[in-house]
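Read through the structure below, which is laid out as structure tokens, and then see the notes.
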Amino acid sequence: MMTNHILIVEDEKDLAAILEYNLQAEGYKTTSATSGRAAMQTLRQSPLPNLVLLDLMLPDASGIDICRQIKQDEKTRDLLVVMLTAKGEEIDRVVGFEVGADDYVVKPFSVRELMLRIKAILKRKQMKPPENVETLQFGDLRIDLPAHRAWVKDREIVLTALEFRLLTTLLSRKGRVQSRDTLLSDVWGIDADVTTRTVDTHIKRLREKLQTAGEYIETLRGVGYRFLSEPTGDNH
């Protein structure tokens, strides 16, 4: 089994040292960068890390911009990115996820919880779709699983890795109610006490991106979400 490699992008040297120590104790290989420029230089080299721990406030750049660069570059777009930040407002979380971050951890955080999240995210990455199933079609929605691409009425929609996973999970369980806790566990890979508003934020963004096909995802107030059993109305 290969050792997972994690790039730590953090300008607080004490925190970077703590993260490095704990990650190595868990068996991970680590590399550190103290600026956005140094991080991007590291990512231009091979082999790439499996996951990037990315501080939002860097001396030369915003972690949001670095994350956007990572996700827009064909070479690095499939990298897992976990944001580290002292800013915990809803808008910051939304923006972080919107540019493709896979998780968002607010300082001060429990190192143990962070290690659990990293382990869950890396495990989730290794999950493979069912064999011999490559394309899913539902009304106006078409999904190419191996390519991680989706279209609505033949117009391609750009989804983050997490949004894609959320969409395919809901579609694969169409007609069945999925609670927020179930989605947190199966899509995010988190069993800890994490706010279920994370799910609501992602569902909202996913619906907006899907436009007319967003109607396929129903909200069951106080229960969770459900993908329709069959396309209805104009979406047949």
Side-chain angles (χ1 to χ4, degrees), residues 2-88 92-127 148 158-166 187-190 194 198 202:
M2 290 182 64
T3 301
N4 282 305
H5 179 194
I6 297 178
L7 171 61
I8 303 166
V9 187
E10 170 62 68
D11 64 320
E12 292 181 41
K13 292 183 179 178
D14 289 347
L15 178 56
I18 290 171
L19 293 172
E20 201 166 55
Y21 173 82
N22 282 275
L23 286 166
Q24 290 176 5
E26 291 286 334
Y28 300 112
K29 177 184 175 184
T30 62
T31 303
S32 293
T34 57
S35 68
R37 177 178 292 183
M40 295 310 296
Q41 286 176 344
T42 300
L43 292 175
R44 292 187 188 102
Q45 301 167 7
S46 293
L48 287 171
N50 302 93
L51 182 145
V52 181
L53 276 181
L54 180 60
D55 187 26
L56 186 64
M57 305 294 286
L58 295 167
D60 61 340
S62 161
I64 295 290
D65 292 334
I66 299 300
C67 185
R68 187 180 286 115
Q69 289 180 53
I70 290 172
K71 294 298 183 177
Q72 288 178 349
D73 188 317
E74 190 170 343
K75 181 187 173 189
T76 57
R77 67 185 179 191
D78 291 330
L79 282 180
L80 297 169
V81 177
V82 176
M83 289 275 196
L84 300 177
T85 176
K87 302 168 75 176
D92 294 313
R93 288 199 297 274
V94 172
V95 172
F97 285 129
E98 178 61 18
V99 296
D102 294 272
D103 206 348
Y104 194 108
V105 183
V106 180
K107 299 176 186 176
F109 51 79
S110 155
V111 172
R112 174 170 165 72
E113 182 187 347
L114 179 60
M115 295 300 126
L116 288 172
R117 288 205 194 191
I118 289 171
K119 190 176 292 186
I121 289 167
L122 288 167
K123 181 181 177 183
R124 191 174 70 210
K125 178 77 170 181
Q126 295 165 359
M127 293 179 184
H148 277 236
V158 180
L159 300 175
T160 66
L162 209 147
E163 288 166 345
F164 186 85
R165 201 157 45 243
L166 177 58
V187 178
W188 276 258
I190 296 172
V194 180
T198 298
H202 275 75

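These values consider heavy atoms only, across backbone and side chains, with no hydrogens, waters or symmetry-generated copies. Small disclaimer: the values here were computed from a predicted structure and weren't measured.
Between L162 and V187 there is a side-chain heavy-atom pair separated by less than 4.5 Å. Two residues are said to be in side-chain contact when any heavy atoms from C-beta on lie closer than 4.5 Å; P47 and H5 fail this criterion. Contact of the K71 side chain with the T160 side chain is not registered, since no non-hydrogen atoms from C-beta on lie closer than 4.5 Å. Residues P49 and L43 have side chains in contact (heavy-atom distance under 4.5 Å, counting atoms from C-beta outward). Side-chain contact between L23 and L53 is present, with at least one heavy-atom pair separated by less than 4.5 Å. Between V52 and T76, every side-chain heavy-atom pair lies at or beyond the 4.5 Å cut-off. The shortest distance between side-chain heavy atoms of N4 and L51 does not fall below 4.5 Å. L19 is not listed as a side-chain neighbour of I6, based on a closest heavy-atom distance of 4.5 Å or more.
When every heavy atom of M83 is checked against every heavy atom of G63, the shortest pair comes out as CE-O, 3.7 Å. Considering all non-hydrogen atoms of both residues, L58 and S35 come closest at CD1-C, 4.4 Å. Shown here for A38 and T34, the closest heavy-atom pair between the two residues is CB-N, 4.5 Å. Between V106 and F109, the shortest heavy-atom contact is O-CB, 3.4 Å. Contact between A39 and L7 at its shortest, heavy atoms only, is O-CD2, 4.2 Å.
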Query raised in the report: V111 and Y21: side chain to side chain contact (heavy atoms under 4.5 Å, CB included), yes or no, with the steps?
Result: CA-CA 11 Å; V111 172; Y21 173 82; over 6 Å; no
Query raised in the report: Does the pair R117 and D102 meet the rule for a salt bridge (charged side-chain N to carboxylate O under 4.0 Å, His left out), with working shown?
Result: CA-CA 10 Å; R117 288 205 194 191; D102 294 272; over 6 Å; no
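Contacts classified as side-chain hydrogen bond (donor to acceptor under 3.5 Å, both in side chains) and involving residues 52-66 (residues at least two apart or in different chains) are given here: D55-K107, D65-R68.
One distance of note links CD of E20 with CD1 of I8; it measures 5.0 Å at 0.5 Å rounding. For the atom pair E163 CD and R165 CZ, the distance stands at 10.5 Å (nearest 0.5 Å). The CD1 atom of I18 lies 15.0 Å from the NZ atom of K13; values are rounded to the nearest 0.5 Å. Distance check, rounded to the nearest 0.5 Å: CG of D78 to CD1 of I70 gives 12.0 Å. To the nearest 0.5 Å, atom CG of residue L56 and atom CG of residue L84 are 9.5 Å apart. For the atom pair OG1 of T198 and CG of D103, the computed distance is 8.0 Å after rounding to the nearest 0.5 Å.
More than 12 non-hydrogen atoms from other residues, nucleotides or ligands lie less than 6.0 angstrom from NZ of K75.
Listed for the E10 side chain is a donor-acceptor partner under 3.5 Å among the backbone atoms of E12.
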